[in-house]
Amino acid sequence: MLDPRLIRAEPEAVRRALGRRGKAGGAEGVSEILELDAARREAIAEGDGLRARRNEVSRKVGELKRGGVDAEELIVEMREVGARIAELEADTQSCDARIEEILLSTPNLPLDEVPEGGEGANELVRSWGDPITHPFPARPHWELGAELSLLDLPRGAKVSGSGFPVLRGAGARLQRILIDWMLDLHVREHGYEELRVPYLVTRETLTGTGQLPKFAEESYFSERDDLWLIPTAEVPVTNLHRDELLAAEELPIRYTAYTPCFRREAGAAGKDTRGLLRVHQFDKVELVRFERPERSREALEELTAEAESILQRLGLAYRVIRLATGDLGFSAAMTYDIEVWAPGVERWLEVSSCSTFGDYQARRANLRFRPAPGEKPEFMHTLNGSALALPRLLVALLETFQREDGSVELPEVLRERFGADRLHR
RNA sequence: GGAGGGGUGGCAGAAUGGCUAAUGCACCGGUCUUGAAAACCGGCGUCCGAAAGGACUUGUGGGUUCGAAUCCCACCCCCUCCGCCA
């Protein structure tokens with residue numbers, strides 16, 4: 001949520017920043033907010049004046065009654081004042097509701113350094129490792145997965161429909177130890193606290209991080225319980241400290257959590273969805289940080305580096321992309337995508353998205369801290385990033401380390417955990 | 001699912017229809033002090049307003065009333081017990 005004061009004080013700057021997102025920015029909402037804000041303040045001013053009078057008169061009525069004096073005239077007058085107050089209150093509330101509605105549907109302001117434009121304006125920031133080309137015909141992961149009995153897509157589709165993969169045998173185990181290994185890395189080397197969190201969350205929780213109200217179509221929903229399946233661990237974890245006021249020394253907070261993620265991917269059917277490339281349910285290890293505002297930009301670099309370190313240790317080639325305004329998520333102020341090279345499908349696959357949200361989510365979820373004893377509470381800054389999403393990591397792993405004989409060699413760092421050097425028939 | 005109890009500032013905790021929602025702790029500023037502690041004074045939520053000032057704030061939302069933390073209705077959460085259950 002944007003700061004209404006900022007909109008009031010610098011409407012042009014806000015319009016310009018939203019305008020950089022193109023049509024999706026909703027810059028036209030700024031004018032309506034300014035009008036509503038003026039109307040709202042007018043109603044509050046009149047209402048407060050009448051309330052002041054009512055309070056004064058009520059006090060007098062109390063005195064008169066205690067003194068046994070009749071106060072009927074004043075009571076009748078206050079009945080009318082009460083009615084007018086109710087009217088003004090309704091006006092104020094309808095302004096508030098509409099302002100809230102617009103703000104909840106207005107995306108975050110991109111940082112100045114975010115390049116303007118659509119997907120084509122995304123910037124390559126750096127790359128690591130060489131995208132491998134096998135000296136033999138490289139095979140896609142769905143072929144390797146089926147032959148090595150790691151993956152059973154047809155049966156997943158039978159049970160739940162397409163986009164619900166089944167991992168089996170060594171495939172299921174490999175995924176499990178990858179999750180375990182990544183969590184341990186974040187806990188032991190990157191200083192994160194591990195969490196296990198709910199997979200079903202309330203409407204309010206989903207609004208706190210920005211998925212609702214605008215992206216209801218993207219989430220699975222259990223109507224009878226009014227609960228939503230999480231699209232990412234970001235949702236329950238970021239909302240963990242909702243409506244709390246933390247002391248300054250509690251920051252920064254760093255959480256890592258493994259969860260399954262559920263996404264309807266409405267409208268994505270048929271495109272780039274083969275195998276594990278785009279599925280409705282997948283596993284992911286997430287990093288979430290709560291930072292003091294002045295540290296958030298630097299923290300984004302740290303968090304991105306933490307996600308990258310996983311690919312480095314596995315020996316997978318990747319590149320880091322700075323998303324342009326048109327590609328930037330709704331709540332994000334700036335995002336780095338990390339894309340891993342998958343030689344079987346011959347494509348770069350997004351395995352992580354690392355973002356800073358500034359105070360946008362903190363405002364929506366009311367995440368505050370007191371900078372110093374005696375000072376006023378401030379909104380903290382939130383960040384998060386995948387580290388990493390499992391399906392595409394598995395894709396890159398299988399396709400990168402496949403051998404001509406159809407087996408897959410495991411990266412050094414996983415061998416001891418896995419208890420073998422390679423996957424074969 | 002059923003019965004009962006509860007929800008008041010950062011924390012503890014009083015107030016059962018009316019007079020500024022007490023008081024204590026914590027915290028911030030000041031006085032005093034060589035410095036600190038203690039003591040004393042003031043401050044310590046949100047909104048509107050240039051300011052003076054005013055309004056709002058007792059889990060949430062409604063209602064009754066001139067006036068609600070207090071009475072009524074609905075909902076949420078916590079605790080205790082019962083039932084069911086991996």
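Because the structure is a prediction, the values reported are computed rather than measured. Chain identifiers are assigned alphabetically (A, B, ...) following the order of the sequence lines, protein sequences preceding nucleic acid strands; residue numbering begins at 1 within each chain.
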Using atom [atom1] in both nucleotides, what's the gap between [N] and [M] to the nearest angstrom?
N	M	atom1	value
B/A86	B/U46	P	50 Å
B/G9	B/G5	C1'	24 Å
B/U20	B/A69	C1'	15 Å
B/A39	B/G24	P	12 Å
B/C73	B/G4	P	13 Å
B/G13	B/A21	C1'	12 Å
B/U60	B/U70	P	11 Å
B/C85	B/G17	C1'	47 Å

Rounded off to whole Å, could you give me the [atom1]-to-[atom2] distance for the [X] and [N] pair?
X	N	atom1	atom2	value
A/Ile85	B/C66	CD1	P	13 Å
A/Lys376	B/G10	NZ	C1'	16 Å
A/Arg51	B/U57	CZ	C1'	12 Å
A/Asp243	B/C77	CG	C1'	13 Å
A/Glu244	B/G45	CD	P	19 Å
A/Glu80	B/G67	CD	P	13 Å
A/Arg370	B/C11	CZ	P	11 Å
A/Asn366	B/U57	CG	P	18 Å

Both distances below 3.5 Å, Watson-Crick or wobble geometry, any strand: find the nucleotide opposite [N].
N	result
B/C44	none
B/U64	none
B/G4	B/C79
B/A50	none
B/C84	none
B/U70	none

Given RNA chain B, 5'-ward residue of the pair A/Gln93 and A/Arg40, judged by closest heavy atom: A/Arg40
Nearest-nucleotide check on RNA chain B, A/Arg5 vs A/Ser58; residue mapping nearer the 5' end is A/Ser58
Nucleotide nearest [X] (side chain, heavy atoms from C-beta), chosen from [options]:
X	options	result
A/Ile44	B/U46, B/C47, B/C56	B/C47
A/Ala52	B/U46, B/G10, B/G54	B/G54
A/Asp48	B/G10, B/G54, B/C66	B/G54

Passes salt bridge (charged side-chain N to carboxylate O under 4.0 Å, His left out), A/Arg188 versus A/Glu194? Steps please. CA-CA 10 Å; A/Arg188 291 177 187 159; A/Glu194 182 176 348; over 6 Å; no
According to a strict under-4.0 Å criterion, is [X] in side-chain N/O contact with OP1 or OP2 of [N]?
X	N	value
A/Asn55	B/A55	yes
A/Arg8	B/C48	yes
A/Arg41	B/C48	no

With rounding to the nearest 0.5 Å, note down the distance linking CD in A/Glu298 to CG in A/Leu303. 12.5 Å
Contact class for A/Arg368 (heavy atom, under 4.0 Å): base, sugar-phosphate, or nothing? nothing
With sugar-phosphate meaning primed atoms plus P, OP1 and OP2, does A/Arg242 contact a base, only sugar-phosphate, or nothing at under 4.0 Å between heavy atoms? nothing
What I'd like to find out is whether the side chain of A/Thr238 reaches to under 4.5 Å of the side chain of A/Tyr255, using heavy atoms alone. no
May I ask you to decide whether [X] forms a salt bridge with [Y], counting only side-chain N to carboxylate O separations under 4.0 Å?
X	Y	answer
A/Arg347	A/Glu399	no
A/Arg98	A/Glu35	no
A/Glu250	A/Arg370	no
A/Arg289	A/Glu306	yes

